[in-house]
Amino acid sequence: MNKINVPRFLAKEILELSQYFDDNKLILVCKGYDEDFIYYTGLYWEDDKDLDLFDETYSDFQLWHNLKN
C-alpha cells in the first residue's frame, strides 16, 4: 500500500469517496480513533460518516491506496 498524508479539511470528502472502492484499493485511516493513539485505524463511510473529524482527538489522517493494480 502507498500512503498519502491527508489534511484534516479533506478527510470527510475522502471518507465519502472511499465507499466506492474496495478496502484493498483505497482506505482512509487515522490515529486517535477509539483512543488508539499509536496505530492507524481504518474509517468506513457507513460506520464513521457522522464522526466529527475536526475533533483534535483524531491526530493524523492518511490515505492508503493501491490503485495501480
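Remark: side-chain polar atoms of K12 are not paired, donor with acceptor, to backbone N or O of D52 under 3.5 angstrom. The backbone N or O of E13 sits nowhere less than 3.5 Å from a side-chain atom of E16 that would complete a donor-acceptor pair.
Considering CE of M1 and CD1 of I27, their distance stands at 7.0 Å, rounded to 0.5 Å. To the nearest 0.5 Å, the span separating CD1 on I4 from CD1 on I14 amounts to 8.0 Å. With rounding to the nearest 0.5 Å, the separation of SG in C30 from CG in L63 is 12.5 Å. Taking CG from L17 and CG from L28, the interatomic distance works out to 10.0 Å, rounded to the nearest 0.5 Å. Note that CD1 of I38 is 11.0 Å distant from OG1 of T41, once rounded to the nearest 0.5 Å.
Not counting sequence neighbours, the partners of N24 by the side-chain hydrogen bond (donor to acceptor under 3.5 Å, both in side chains) test are D22.
Under the side chain to side chain donor-acceptor pair (under 3.5 Å) criterion, the residue pairs touching residues 1-11 are N5-Q62, with sequence neighbours excluded. Each ring-ring contact (aromatic ring centres under 6.0 Å, His included) pair with one or both residues in residues 49-68, not counting sequence neighbours, appears once here: Y40-W64.
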>> Show, in sequence, the C-alpha distance, side-chain angles and deciding distance for V29 and L43, and conclude whether the side chain to side chain contact (heavy atoms under 4.5 Å, CB included) test is met.
In response: CA-CA 6 Å; V29 297; L43 299 176; over 6 Å; no
